[in-house]
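Please read the structure below before turning to the comments.
Remember, it's 1-based here, ligands and their atoms both numbered in the order they're listed. Please read these numbers as outputs of a predicted model, since none were measured by experiment. Every heavy atom of this structure was used, including side-chain atoms; hydrogens, water molecules and symmetry mates were not.
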Amino acid sequence: MTTDVLPEIGSIEPNRHGYRTFTLGRFTFERDEYFAHVSWPKGRHLLPADAFLRALQRDIAWGFFYGIVNFDAVIGTVNHYGTVDLYAGRFNDHYRRAGLDDIQNFDTPLIQRVFEAILEDWTNATFDPFASPAETGSAFGPKNGSNKRAITRHRVTAKRMIGCPGDEPRRSDESGFPVNRHFTDVTQDEPDVRPEPGFEGEVVAYNLFAYLSRSDVTWNPSVVSVCQASLYCPTTEEYVLPVIHGNDRVEWFVQLSDEIHWEVEDRDTGTLRARVVMKAGDVAAMPADIRHRGFSPKRSMLLVWENASSELPALYASGTMPPTPVQF
Ligand SMILES: [Fe+2]
């Protein structure tokens with residue numbers, strides 16, 4: 001059953017720490033100086049406020065993404081592309097066996113609206129949930145202003161490709177995207193393009209490394225090129241992926257620079273399946289039945305290659321397609 005009745009968006013009065021409390025179906029969200037508290041009829045859970053806001057920011061910005069966005073081992077969302085499940089303990093073997101898990105389905109605009117209200121109210125002026133820890137201030141303490149500019153950034157979603165006429169622009173100092181401190185060695189030259197007369201608007205190339213060196217966010221795949229259902233979604237990574245992503249399709253990873261360590265777990269139980277260290281040039285196909293979290297010791301560049309075909313989740317869920325693209 002989809003819950004589509006509009007709830008009150010948050011309490012009118014803030015709590016003694018200055019933060020408002022939010023209710024969504026059977027779930028309640030409260031925050032204090034250090035933690036976000038999530039409660040449901042059969043349990044309660046807490047997450048560090050910075051980790052919670054980083055996860056919430058990505059869940060909102062990605063439109064609940066493909067498959068499952070675990071905020072941690074207990075709380076998260078499942079995207080059904082039109083509706084979204086909010087759950088506690090659903091993908092945690094211990095919660096399931098103890099009967100403490102809960103899951104509730106909401107129309108996407110409703111959960112989006114409540115999540116946006118929480119993010120706005122709980123993000124202090126000093127904190128940028130998209131930034132690396134070294135490039136933002138503190139998320140903690142009593143309510144201290146807001147940071148609307150940081151939490152409503154434009155999400156890059158190219159229609160064809162970065163740099164095409166009328167499409168997403170390249171980044172530059174002038175447009176407010178200086179080269180990141182970890183990428184000062186990345187050359188900024190652009191390809192020399194010489195189209196035949198009449199094709200000037202159709203033959204386009206750009207320097208992807210230069211583009212990524214100017215990313216001001218971490219763990220935020222942007223769509224830089226589209227060929228039917230094939231989406232190139234590169235991103236720059238630093239510190240820890242703020243969510244544990246549960247796949248509903250195969251994802252290809254191409255490590256473009258530096259190094260990321262991946263923790264790969266069973267999607268439904270959280271049992272550890274593999275640790276993968278990807279160095280520059282390494283390619284991996286993350287299976288359709290896993291969840292994963294990345295650790296990037298310094299800012300690195302990762303190309304995430306997504307297949308946006310809407311029929312894929314059902315094909316994997318029914319076993320019609322094997323969860324890995326190659327069987328060895
Ligand atoms: Fe993933």
Side-chain angles (χ1 to χ4, degrees), residues 51 54-81 84-85 87 90-92 130 155-157 212 215 217-226 229-256 258-279 282-296 300-317 321-326:
R54 287 188 177 109
L56 185 65
Q57 171 71 84
R58 283 155 184 86
D59 211 14
I60 292 168
W62 301 344
F64 302 96
F65 209 44
Y66 298 113
I68 304 165
V69 173
N70 299 277
F71 286 25
D72 66 359
V74 178
I75 302 295
T77 59
V78 186
N79 196 354
H80 298 292
Y81 312 99
V84 173
D85 291 337
Y87 64 80
R90 172 63 184 80
F91 301 98
N92 181 308
F130 263 136
R155 176 150 197 245
V156 173
T157 49
L212 291 175
S215 169
V217 293
T218 58
W219 307 102
N220 186 35
S222 7
V223 181
V224 302
S225 68
V226 180
S230 170
L231 310 184
Y232 266 12
C233 310
T235 153
T236 58
E237 323 293 46
E238 188 176 329
Y239 187 52
V240 182
L241 173 56
V243 307
I244 309 167
H245 180 226
N247 285 3
D248 67 1
R249 65 198 70 207
V250 168
E251 285 178 313
W252 288 84
F253 286 172
V254 181
Q255 189 69 38
L256 296 179
D258 303 285
E259 186 172 305
I260 296 178
H261 298 231
W262 289 98
E263 220 166 62
V264 183
E265 300 170 336
D266 181 85
R267 183 188 54 201
D268 297 326
T269 64
T271 305
L272 192 64
R273 274 179 59 173
R275 288 181 191 279
V276 180
V277 181
M278 292 187 68
K279 300 185 179 187
D282 286 348
V283 178
M286 289 285 168
D289 61 352
I290 58 94
R291 69 192 196 193
H292 49 186
R293 166 168 271 187
F295 302 82
S296 189
S300 66
M301 298 181 185
L302 173 70
L303 172 58
V304 180
W305 184 20
E306 296 279 6
N307 185 333
S309 306
S310 57
E311 62 267 33
L312 284 179
L315 288 171
Y316 287 117
M321 296 237 287
T324 52
V326 185

Name each donor-acceptor pair under 3.5 Å that joins a side chain in residues 270-279 to protein atoms two or more places apart or in another chain, with its distance.
{"unit_1": "T271", "atom_1": "OG1", "unit_2": "T269", "atom_2": "OG1", "d": "2.9"}
{"unit_1": "R273", "atom_1": "NH1", "unit_2": "D289", "atom_2": "OD1", "d": "3.3"}
{"unit_1": "R275", "atom_1": "NH1", "unit_2": "E263", "atom_2": "OE2", "d": "2.9"}

Specify the closest pair of heavy atoms between P323 and V250, including all atoms of both residues, with the distance to one decimal.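 The pair with the smallest heavy-atom distance is O-CG2, 3.4 Å.
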Set of ring pair (Phe, Tyr, Trp, His ring centres under 6.0 Å) partners for F71, sequence neighbours left out: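 Checked F71 against ring pair (Phe, Tyr, Trp, His ring centres under 6.0 Å); matches are F52.
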Set of ring pair (Phe, Tyr, Trp, His ring centres under 6.0 Å) partners for F253, sequence neighbours left out: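 F253 satisfies ring pair (Phe, Tyr, Trp, His ring centres under 6.0 Å) with W262, H292 only.
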Closer than 2.8 Å to the Fe ion (ligand 1), how many protein N/O/S atoms do you count?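 Considering protein N, O and S only, the Fe ion (ligand 1) has 4 within range.
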Is the backbone N or O of T235 less than 3.5 Å from a side-chain atom of S222, with the two atoms forming a donor-acceptor pair by type?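 Not at all, since once roles are kept as given, no pair shorter than 3.5 Å links the two residues.
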Within the side chain of H245, is there an N or O that forms a donor-acceptor pair under 3.5 Å with the backbone of Y66?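 Judged by distance alone, yes, a pair lies under 3.5 Å.
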